[in-house]
Amino acid sequence: MDEPQRPLGRTFAIALGLIALITPLAVHLFFPVIPAVKKALGLSDAHAQLTFSISLFGMAFATLFYGSLSDRYGRRPVLLSGLALFLFGSVVSSLATTANALVLGRLVQAIGAGCALTLVRAIARDAFRAEQLVKAIAYLTMFGTLGPMVSPFIGGVLIDTLGWRSVFGFALVAGGVITIIAYMVMRETHPPENRHKTQESFVQSYAALFRRPRFNAYVLQTGFNTGAFMVMAVAASTMMTELLRRPATEYGLYFLLFPMGFFAGNFISTRVGTRFSAETMVLTGSVLTVIAVTAQATALWLGFLVPLVFFLPGTFVTMAQGISMPYGQAAAMGEIPRLAGTAAGIGVFMQNFWAAISTQVYGLLADGTPRPMAMMALLCAVLTLFFGAIPYLLKRKAAAG
């Protein structure tokens, strides 16, 4: 069977990168909104946190279906359907007058945004050769850091000047532009002759992947690493506003350190390329995460309550993500090539699911001090290292046996 034509043009690559910005518009743009929504609607910490974590839950479960549907019906129609849902959810959120309406709008918005991370990676796998895939994913992720880099700052400025509802208006306009570009530029990269059309069900596809220990380890490592970052990011928003009495715009400025770390980690990945194995790079990122989170917990235990204590360790956590994530994602999708879309969906599911669990548990434990953040971030970091070490140990065992 002939391989599909590989669309490597600059316009195609830019469009693919722009689609990756949909996820930051649904997640990172909302970070500085949490304290504002809590105050405006009179919510508890747990309920305010739900307006954020519900988006991660919705995105997590949606990605499972996007990956499998795109394997069967093609990338383009599934992608455009998800983008349309994102726009509708943004409208509902911007018009919400109650907490429940906001939660509903955020859920729909997130279900739509779930198409971006899953299908960007699946399309990249369609479009790039195996030896180019790690670099392709790393470059796309670097492009995607533009969204996280500016979204919290934009959100903070909008909140301080126009109120929290304007954040969703911005998401609607930006998402609309991206959707138009996707409709005009993106063509199908998964032709009918390459689609997964067997009688194998979604459940059977998932079972085939979950029977592989390396696959489980890669996606869980990514999930818990993302969980550590998300806990640090959402807690920093509350700590800056309520504990340190700093404006939302200042939070957005400090937040720039997070994507800068991610950018640096991805730059390292692109420079390393295939000189080191996926197992080694994933383990390296996992160790760096544990070191960074432990350093933050120690500083907080010693009583250092300044903004950099909340943000600088997180910079190294995101750097660890940038180092390990491209290798882990490429390796997970390579376990069963015919199920690459499904594997990508499961990988993104794990990122969002464990981030949602971690941030919501933090919301339940929140007591106005940094202690719950340190506890949850440290737990996620330890689990990151546990699962990140498994592929490396399996490789060594296979080499020795």
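Computed from a prediction, not measured in an experiment: that's the story for all the values here.
- Looking at every heavy atom in both residues, Ile111 comes nearest to Leu85 through CG2-CD1, 4.0 Å.
- Counting heavy-atom neighbours within 6.0 Å of Tyr392 OH, excluding the residue itself, gives a total of 12 or less.
- Partners of Phe86 according to the ring-ring contact (aromatic ring centres under 6.0 Å, His included) rule, which considers only residues two or more places apart in sequence or in another chain, do not exist here.
- Contact annotation: the side chain of Ser90 approaches that of Gln109 to within less than 4.5 Å [non-hydrogen atoms, C-beta and beyond].
- The local environment of CZ in Phe316 is sparse, with at most 12 non-hydrogen atoms from other residues, nucleotides or ligands closer than 6.0 Å.
- Between the Asn352 side chain and the Phe57 main chain, no donor and acceptor come within less than 3.5 Å of each other.
- Side-chain contact between Val272 and Ile323: absent, with no pair of heavy atoms (C-beta onward) separated by less than 4.5 Å.
- Looking at Arg214 and Glu335, a side-chain N of the basic residue comes within less than 4.0 Å of a carboxylate O on the acidic one, giving a salt bridge.
- For the ring pair (Phe, Tyr, Trp, His ring centres under 6.0 Å) criterion with Phe255, the lone passing option out of Phe311, Phe262, Phe310, Phe31 is Phe31.
- Atom OG of Ser358 sits about 13.5 Å away from atom CE of Met373, to the nearest 0.5 Å.
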Report the C-alpha separation of Met376 and Val361 in whole Å, then their side-chain angles, then the decisive distance to 0.1 Å, and conclude whether the side chain to side chain contact (heavy atoms under 4.5 Å, CB included) test is met. CA-CA 8 Å; Met376 284 304 304; Val361 171; 3.6 Å; yes
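- Remark: Arg76 is positioned above the aromatic ring of Tyr183, its terminal NZ or CZ atom under 6.0 angstrom from the ring centre and at most 45 degrees off the axis.
- When side chains are defined from C-beta on, Ser286 does not count as touching Asn225, because their heavy atoms never get closer than 4.5 Å.
- Between Asn100 and Thr98, the side chains place no donor N or O within less than 3.5 Å of an acceptor N or O (distance only, hydrogens not considered).
- Inter-residue side-chain proximity for Met240 and Leu244 is flagged as met; some heavy-atom pair is nearer than 4.5 Å.
- In this structure, Arg271 forms a cation-pi arrangement with Phe267, its terminal cationic atom sitting closer than 6.0 Å to the ring centre and no more than 45° off the ring axis.
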Can Lys38 and Glu242 be said to form a salt bridge (Lys or Arg N to Asp or Glu O under 4.0 Å), step by step? CA-CA 11 Å; Lys38 176 184 174 183; Glu242 298 183 357; 3.0 Å; yes
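- Between Met375 and Leu379, every side-chain heavy-atom pair lies at or beyond the 4.5 Å cut-off.
- At a threshold of 4.5 Å between non-hydrogen side-chain atoms, the residues Val108 and Phe88 count as touching.
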Test side chain to side chain contact (heavy atoms under 4.5 Å, CB included) on Glu279 and Tyr218; report intermediate values, then the result. CA-CA 9 Å; Glu279 294 86 354; Tyr218 282 128; 3.5 Å; yes
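- Counting only heavy atoms from C-beta outward, the side chains of Thr294 and Leu378 approach each other to under 4.5 Å.
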Step by step, would you call Ser55 with Arg106 a side-chain hydrogen bond (donor to acceptor under 3.5 Å, both in side chains)? CA-CA 6 Å; Ser55 66; Arg106 290 281 292 155; 3.1 Å; yes
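- Taking both residues in full, the closest heavy atoms of Val287 and Leu385 are given as CG2-CD1, 3.8 Å, listed atom of the first, atom of the second, then distance.
- A search for side-chain contact (heavy atoms from CB on, under 4.5 Å) contacts involving Thr222 returns Thr226, Met325, Gln351, not counting sequence neighbours.
- With a 4.5 Å cut-off on side-chain heavy atoms, Leu220 and Phe224 count as touching.
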